[in-house]
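Written below as structure tokens is the structure these notes are about.
Labels below follow one simple rule: chain letters A, B, ... track the order of the sequence lines, proteins then strands, and each chain is numbered from 1.
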Amino acid sequence: MKLEKKDILGMQDLSVDEINLILETAESFLEISTREIKKVPTLRGKTIINLFFEASTRTRTSFEIAGKRLSADTINISSSTSSVVKGETLIDTARNLEAMNPDVIVIRHSAAGAPHLLSSLVKQSIINAGDGAHEHPTQALLDMMTIKEKKGRISGLKIAIAGDIAHSRVARSNIYGLTKMGAEIVVAGPATMLPRNIEQMGVKVFNNLDDAITGADVVMMLRIQLERQKQSVFPSLREYSQHYCLNRHNIKLAKNDVIVMHPGPINRGVEISPDIADDPSCSVILNQVNNGVAVRMALLYLLIGGHE
Amino acid sequence: MKIILAGARLIDPTKKIDAQMDILLEEGKIAKINSALLKSTKSKDAGKVKVIELTGMIVTPGLIDMHTHLREPGFEYKETVASGCAAAVAGGFTSIACMPNTSPVNDNRSITEFIRRKALEADLANVYPIGAISVNSEGKQLTEFWDLKEAGVVGLSDDGNPVMDAALMRRALEYAYSLGLPVISHCEDKNLSGDGLINEGYYSTILGLNGIPSIAEEAMVARDIIIAEFTNTRVHIAHVSTAGSVRLIRDAKKRGLKITAETAPHYFTLTDEALQGYDTNLKVNPPLRSPQDVTAIKDGLTDGTIDVIACDHAPHGRTDKELEFEYAQNGISGLETSLGLSLNLIREKILSWPELIAKMSANPARILNLPKGALSEGSDADITVIDPHLKWTVDIKAFCSRGKNSPFSRRAMQGKAVMTIVGGEIKYAAPSLKL
Amino acid sequence: MTKNKSTKIVMDKDGIDRCLTRIAYEILEKNKGIENLVLVGVRTGGVYLAERLQKKISCIEAGKIPLGILDITLYRDDISASNKKPRLGKTKIPFSLDNKKVVLIDDVLFTGRTIRAAMDALIDFGRPKMIQLAVLIDRGHRELPIRADFVGKNLPSSLWEAVSVNLVEKNGVDEVVIEEGT
């Protein structure tokens, strides 16, 4: 069994079998990170370029560690200003990188669809590490891996995703992935944060956090991305946190064994109260980070570890 | 040189003619239209007359596109007046009206005169400049309408930059009406469209692209109708894309208001579903809408709510389009595909032949007060010959336009303009037409 | 397992059991008991054999020797060339290998490439005092200078033949079969 894909652009394109293969492979990779020598020679001689047009510490680091643990050479290219500002288009950058003959290009970009453009231009495998408000497939995969690890399954679970759905690529990727795997998804947020026709993605929609998390097995809180909102979609952080912050009280509405997830970085006290975020009995936020490395190792291995 | 167009089916909706007729062209004018012209002329003028046999073809008044962007001055790499005119005649258009968003903006006599001179040098299609409503299309201060009119402007628009200030729009409609100039309104409430990129709906949601709600267009259509009613003036609504706009315009027309409207071929051909894959050639403003909107546009064409099919020809260079979706520019290079796409409306029984031809010749001529759009003895010999059966495939590399930005690349088409005659001269003849 | 007409059973259930019993004694004899001794089975065939050897040894000598599982997929030298990528299995070596006498266990010894990969992997886990190799079948055709310390049965075979060890744990039956290549 192998992944019959050149690129990982989004969860929309992955089948249930492919998702299962990636998750199972990732579970096998978990053990490597616990070794004294955290490295296997699998991708020796392969080159991975992390092309980050948008600031990111954890995702970039996670990809870099994943590549290095598989003995690939990883190169980070970060560009805080967009390529347009620099006068170099994504196409020029892509062609230059292609000429250096890497094996995988991991791209993060503030523009939705940028990985698709890159994919159409270069022959190398592309992994989408987050494009605008579109998709963040590796985050969804690590979230799914964490849910599977803690709950033993995904199918049949009630999963609430709350916060700024409109601006969240994590929400979109998780909705695609989790619904495919048979979970029941509810989303919650103020009406201004729920994008038009979101229910057509197969989710139930609530404006009230309490309604959404009632009976939930998993609660996924999204980061309020103030930097992404040109127009204010809510009156104030104060008002938002009073009604949409997961805390000691409202979490009681969820199942007793609920797990709490967050893609990070957390705005403590805004979308999630510090005592919940740091409570090891429900918060799995650090498991998510750990699983992130394994998922990315699995994708690199499946994309470039076994053919040509 | 005299030319006889012989044996074709002549369609002139202004005269309700739809019959086989011969036409004699002489000194740039239409000299005669007669069902038996060929026989009567042959004997005495043989040798001095070029007879073009057009059996099976359709001859119509020269098509007029009232919404074209020629990029000269300022963006000659996208299009020049000459390349745009070449695209026009290749697409079957004998006359085009060009929008003022050049650099500098066509907001004064010297730019208007420059464009007209370039058009005369190109000597292909008739070019009618549209002047800006406001200085630099900034929506602050009216341009010199009177001076622009004298320089040859046939209408006014800040196309691409909607006039957000309702008071300024009121003044523009009043002042332009007194001069007999139509105002063409690009309806988009900038506060509502914001940093939107595609139609707000399911596809903007799943693609993670900011949405442009249909109400951004409709709010301003409603505003302009209200202003036109209050001031008893007229307004022409450009590139209608939503069901709501169609409804507002229909209601206004029913109440006898002087409202006219146009749509573009992409708005009745494509929906926002096509945007999956982020093809920047599909990025247009207003954006491609939903199937319900497409249906409403077609209904509006059928019942006459929408008077005109205009290309909104917006040529761009590769560097404007081979970009991340949000950085790419809006527009489709449409002059050479417009007729082919519009002919689908006949096959779909949305429009009859005379109705379609009216929307692409007589109606735009009427709105812009052009002495065009009809085939009368003594009128300018602007004629389009259409082969309704010709099957062809869109090849952007073969475009005369410098703008190769077309989402219709490689699309199979049926029906094409095979000859374009402007002022009695053949400015375009398709290789398929054996002369 | 479907068998075609060219399949030949070369060892049955009792044969396998006797071989493993003998290997268990040999391991104990060579290492003079179970002190510092650990077993590591190579996925997948070696794992079940390792489990059986662990049981047999504990019947002979008091005390349980540690058992690890090694998946060598990530260490293969043919991974880029191979079209059929094996599903990656889990590696479980929940003890230190430093200064241990490691008995590596696999079902069939053939080219030696799997064992090379396994030794690389083991060395990434620590610094064993020594590595010994136990296999149920040695079919020859070595491509690397590798030799087994404990062999159940030497089975000369042609390159066109396939040798498989079927075990109850995964195939429902204990047998070693040799099939002619297609």
Side-chain angles (χ1 to χ4, degrees), chain A residues 9-13 53-54 82-85 87-95 107 109-121 128 130-136 165-173 175-176 187 194-203 205 228-231 233, chain B residues 77 189-216 218 242 244 271-283 287-293 316-330 405 407 409:
Chain A
L9 297 181
M11 297 306 293
Q12 187 183 12
D13 317 317
F53 289 97
E54 195 181 59
S82 87
S83 53
V84 168
V85 177
E88 189 182 15
T89 65
L90 179 60
I91 292 191
D92 289 328
T93 308
R95 297 254 153 83
I107 177 173
H109 202 296
S110 60
H116 304 67
L117 176 64
L118 188 61
S119 165
S120 68
L121 295 168
N128 180 1
D131 62 327
H134 178 227
E135 281 232 41
H136 191 353
I165 311 286
H167 292 89
S168 175
R169 54 194 173 211
V170 175
R172 284 172 180 77
S173 283
I175 290 169
Y176 275 127
V187 298
L194 298 169
R196 202 166 175 83
N197 302 124
I198 182 77
E199 69 287 347
Q200 285 181 32
M201 291 187 80
V203 301
V205 183
R228 243 178 245 284
Q229 294 160 0
K230 291 199 181 137
Q231 210 180 19
V233 292
Chain B
Y77 73 98
D189 184 315
K190 280 285 195 188
N191 293 326
L192 283 168
S193 59
D195 51 4
L197 299 164
I198 67 170
N199 183 43
E200 182 176 328
Y202 175 66
Y203 292 101
S204 66
T205 290
I206 67 166
L207 292 169
L209 295 170
N210 285 324
I212 302 175
S214 52
I215 54 169
E218 291 151 7
T242 79
T271 65
D272 56 353
E273 186 182 0
L275 285 152
Q276 296 183 91
Y278 300 94
D279 180 359
T280 55
N281 282 325
L282 293 159
K283 188 178 175 189
L288 300 177
R289 303 289 188 180
S290 71
Q292 291 81 356
D293 293 307
H316 285 294
R318 282 179 58 181
T319 48
D320 302 317
K321 283 291 193 181
E322 286 185 358
L323 291 171
E324 295 87 330
F325 196 87
E326 64 183 69
Y327 303 144
Q329 301 210 22
N330 286 308
N405 50 305
S409 175

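Legend: residues meeting side chain to side chain donor-acceptor pair (under 3.5 Å) with S193(B), ordered by chain and number and at least two apart, are E188(B). Taking the side chain to side chain donor-acceptor pair (under 3.5 Å) definition, one finds that D189(B) meets it with nothing, sequence neighbours left out. Residues that satisfy the salt bridge (Lys or Arg N to Asp or Glu O under 4.0 Å) test with R318(B), not counting sequence neighbours, are E322(B).
Note that the CZ atom of R95(A) and the CG atom of L118(A) stand 10.5 Å from one another [nearest 0.5 Å]. Going from atom CD of E135(A) over to atom CE of M11(A) covers 7.5 Å, rounded to the nearest 0.5 Å.
Counting heavy-atom pairs closer than 4.5 Å to chain B, the top-ranked of the candidates A112(A), S119(A), G10(A) is A112(A).
With a 4.5 angstrom heavy-atom cutoff, L117(A) touches chain B only via side-chain atoms. Interface remark: Q12(A) contributes side-chain atoms only to the contact with chain B (heavy atom separation under 4.5 Å).
The aromatic rings of Y278(B) and H116(A) are tilted relative to each other, their planes meeting at an angle between 30° and 60°.
Along residues 196-209 of chain B, the residues that come nearer than 4.5 angstrom to chain A, judged on non-hydrogen atoms, are E200(B), G201(B), Y202(B), T205(B), I206(B), L207(B), G208(B), L209(B) in order of number.
Between L90(A) and E324(B), the shortest heavy-atom distance links the atoms CB-OE2, 3.4 Å.
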